[in-house]
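Remarks on the structure that follows.
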Amino acid sequence: MSENIVRTNFIRQIIDKDLESGKYQSPSDIHTRFPPEPNGYLHIGHAKSICLNFGIAKDYGGRCNLRFDDTNPTKEEIEYVEAIKADVEWLGFKWDDLFYASDYFEKFYEAAIHFIKKGIAYVDDSSAEEIREMRGTLTAPGVESPYRNRTVEENLDLFTRMRAGEFKDGEKVLRAKIDMSSPNMNMRDPALYRIRHESHHQTGDAWCIYPMYDFAHALSDAIEGITHSICTLEFEDHRPLYDWCVENAEMPHAPHQYEFSRLNIEYNVMSKRLLTQLVSSGFVDGWNDPRMPTISGLRRRGCPPEALRLFCERIGVTKSENMIELQQLSQSMRDVLNEKADRRMAVLEPLKVTLTNLNHDEMLTIANHPQDETRGTREINFSNTLYIDKADFQEEANKKYKRLVLDNYVRLRGAYIIKATDVVKDENGDIIEVIAEIVPGSLGKNVEGVKARGVIQWVSAKDAVDITVHNYDVLFTEKNPQGMPGELTDYLNKDSLHITVGKGEPALLDAPIEEAYQFERIGYYARDSKSDKLVFNRVVELKDSFGE
Ligand code: ATP
Ligand code: MG
């Protein structure tokens, strides 16, 4: 989808100013990173951050790292690491360097020792609960810990022994010594290290103390020479701590943090923690269930990466929190798929049509795309027994009905005009077959005196393949399920998957997985990756009918 969106946003404007002012000499000095925690699969919110960070590096000719923020072994897994890499690549981005925050554990440790020696960090024996109580509130200052004035020697000794594994989980923490009465709660002696006797997916059992997010994140950015560290608004209040860590670690390079608003989309949740619950409860078929707002779910559904990138460009990057309409995502998919998806024919409620004046089969050549010749053609056998969709035939109808009517004409897509001459009904009076004839000379041509009401799709009965179609609805019944009272599960849409069996043209046998086709007049569909049978997921409808 070629679209001229002016690629600017407040972060790019900051970068431009930093270049103008000489803070950075060359656009190639601009260095960003995408720092996911490998505690789940990425969602569309992450796609926004990926497009922003990698997009900046690409457009400025700078660099962008993929860095796993793997400082909490309890929730992290190698499966997530691999899935995240695959998702970033699928979205169309290449990282300059791949790092793990755990690569820097030794450096973090040295920085912590440095802090202790400077007298700005101390080991605290208080329990987590005591620390919480001493922290104060937004209106009341905190209370200094009784361990706050330990000597440097004592702190060094205790911290070394924390690393050596002499203490149990929660027995001690290393805290920054900042200001217990700071109006910013994050500055009230935040924890820098905690004890966790747990194996780590990268470092195994080498460590039993793990650094806290703010400390590790700031130092990782500084170590990698990140210039613009972009994160979501909830970290705005953490920026003073970020700066404090960078400054006191006395790194040669000082990154700066900028915050933008998170992406929220109607009828969805954007949080790995909440999405995990849907997976573990079995409500969805894994992280890549096509209903999930995950990158892998969208991929399995058949959403092309271009569509997700287009969506991210269209929504832009700002500092104001808002809820994006689901329609915007659907429209980006349609805009891309209308251009790039090949057409195929399928009927979901087959009605037999017998052509009485056709006594031989005919191979027809049909274009894959009505506007784009470069997409080539395919051969389809046309025979005297076809299926059309039940909804495409009526015995009587007014002029608005642009389909097949008894004693009237309709064009079969890529084939002949036919005229319905009779119907066969079962004992209940339901139509089970339409008798029709082709108009000779009407293949790809108009015929004098014959006016087709419209164009409908068809499949040849003996050549058609059985297909199963999965039509999806939204996962949640509320626009903002997280903002509702009660449990998230109260708002799950129990009717979010509709399965239909139909007939498709034989070319669908070769449909590659996850590649979307337009099933003419029905919608965009892509072959499912989990089934060996011909199962097609609906990527998106042809038109927006949501809420009708
Ligand atoms: P989650 O709650 O889903 O785990 P997170 O922010 O904790 O989200 P991280 O893995 O830490 O997830 O995030 C990696 C990057 O993606 C961060 O820079 C984060 O700010 C960004 N990000 C996460 N969610 C969104 C979102 N909804 N919109 C935009 N960016 C997001
Ligand atoms: Mg997180």
Side-chain angles (χ1 to χ4, degrees), residues 9-11 32-57 64-72 74-77 79-85 87-88 91 93 95 98-102 211-214 216-218 220-221 224 226 228-239 242 255-279 287 292-298 308-309 311-324 326 328-329 480-483 488:
N9 55 51
F10 78 97
I11 292 176
T32 57
R33 86 288 170 265
F34 172 64
E37 183 180 359
N39 61 347
Y41 282 58
L42 300 181
H43 49 65
I44 311 177
H46 294 111
K48 175 176 177 179
S49 177
I50 293 171
C51 289
L52 178 61
N53 281 295
F54 283 93
I56 285 173
C64 181
N65 295 344
L66 172 61
R67 182 203 313 140
F68 289 101
D69 236 315
D70 56 346
T71 53
N72 180 8
T74 321
K75 291 183 183 155
E76 297 164 1
E77 281 174 39
E79 176 197 345
Y80 300 138
V81 169
E82 295 308 324
I84 289 171
K85 286 199 251 176
D87 285 350
V88 172
L91 202 50
F93 295 103
W95 47 85
L98 175 77
F99 292 122
Y100 296 83
S102 55
M212 300 301 289
Y213 176 82
D214 288 307
H217 190 226
S220 304
D221 283 347
E224 289 175 21
I226 302 302
H228 298 77
S229 174
I230 307 167
C231 63
T232 37
L233 274 176
E234 69 271 24
F235 291 102
E236 198 164 17
D237 283 351
H238 295 240
R239 197 190 323 135
Y242 179 98
H256 200 285
Q257 174 182 304
Y258 300 93
E259 308 87 13
F260 69 101
S261 62
R262 296 178 76 85
L263 169 63
N264 302 300
I265 304 183
E266 290 176 352
Y267 303 98
N268 276 295
V269 295
M270 294 289 149
S271 151
K272 290 192 227 103
R273 184 178 57 82
L274 297 175
L275 294 171
T276 311
Q277 293 172 15
L278 299 183
V279 174
W287 282 96
M292 290 279 273
T294 49
I295 296 182
S296 51
L298 285 169
L308 200 45
R309 293 198 302 263
F311 169 73
C312 289
E313 270 187 37
R314 285 179 174 171
I315 57 173
V317 178
T318 67
K319 267 177 129 38
S320 50
E321 294 284 359
N322 59 357
M323 177 71 79
I324 301 291
L326 192 54
Q328 288 214 44
L329 179 60
N480 182 12
Q482 271 174 277
L488 193 63

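Values below: all heavy atoms of this structure, side chains included; hydrogens, waters and symmetry mates excluded. Counting starts at 1 for both ligands and their atoms, following the listed order.
- Those atoms of ligand 1 with a heavy atom of F34 less than 4.0 angstrom away are 14 (C), 15 (C), 16 (O).
- Applying the 4.0 Å criterion to heavy atoms of P36 picks out, from ligand 1, the atoms 10 (O), 14 (C).
- Close approach to G45 involves these atoms of ligand 1, each under 4.0 Å from a residue heavy atom: 25 (C), 26 (C), 27 (N), 28 (N), 29 (C), 30 (N), 31 (C).
- If you check the side chains of R33 and H228, you find no donor sitting under 3.5 Å from an acceptor.
- Residues forming a side chain to side chain contact (heavy atoms under 4.5 Å, CB included) with D214 (at least two apart in sequence, or on another chain): H238, L241.
- Note: an N/O pair closer than 3.5 Å links L263 and ligand 1 by distance alone.
- Every residue two or more places apart in sequence or in another chain that forms a side chain to side chain contact (heavy atoms under 4.5 Å, CB included) with T318 is listed here: S261, S320.
- Which of K272, M270, K75, K48 comes nearest to atom 7 (O) of ligand 1 through a heavy atom is settled by distance: it is K272.
- Between the CD1 atom of I44 and the CG atom of L329 there is a distance of 5.0 Å, given to the nearest 0.5 Å.
- The distance from ligand 1 to the heavy atoms of S271 drops below 4.0 Å at these ligand atoms: 2 (O), 3 (O).
- Taking a cut-off of under 4.0 Å to the non-hydrogen atoms of P35, the atoms of ligand 1 that pass are 14 (C), 18 (O).
- Not a single N or O atom of R273, backbone or side chain, sits closer than 3.5 Å to an N or O atom of ligand 1.
- Judged by distance alone, with hydrogens and angles left aside, the side-chain atoms of T32 form a donor-acceptor pair with the main-chain N or O of N53 at under 3.5 Å.
- Within ligand 1, counting atoms from 1 as listed, the ones closer than 4.0 Å to a heavy atom of H46 are 3 (O), 8 (O), 9 (P), 10 (O), 12 (O), 13 (O), 14 (C), 16 (O), 22 (N), 23 (C).
- When the options K272, E79, H46 are evaluated for a side-chain hydrogen bond (donor to acceptor under 3.5 Å, both in side chains) with Y41, the one that passes is E79.
- The heavy-atom pair separating E224 from N65 by the smallest distance is OE1-ND2, 2.8 Å.
- Residue H43 touches ligand 1 through its side chain alone, judged by heavy-atom distances below 4.0 Å.
- Among the atoms of N39, none of the N or O lies under 3.5 angstrom from an N or O of ligand 1.
- Between the choices V317, I265, T232, T294, the shortest heavy-atom distance to atom 20 (O) of ligand 1 belongs to T232.
- Counting heavy atoms closer than 4.0 Å to ligand 1, residue F260 contributes side-chain atoms (C-beta onward) but none from N, CA, C or O.
- Proximity of the aromatic rings of Y213 and F235 is defined here by a centroid distance below 6.0 angstrom, and this criterion is met.
- Open room surrounds NZ on K75; 12 or fewer heavy atoms of other groups in view lie less than 6.0 Å from it.
- Taking 4.0 Å as the cut-off, F235 does not count as a neighbour of ligand 1 on heavy-atom distance.
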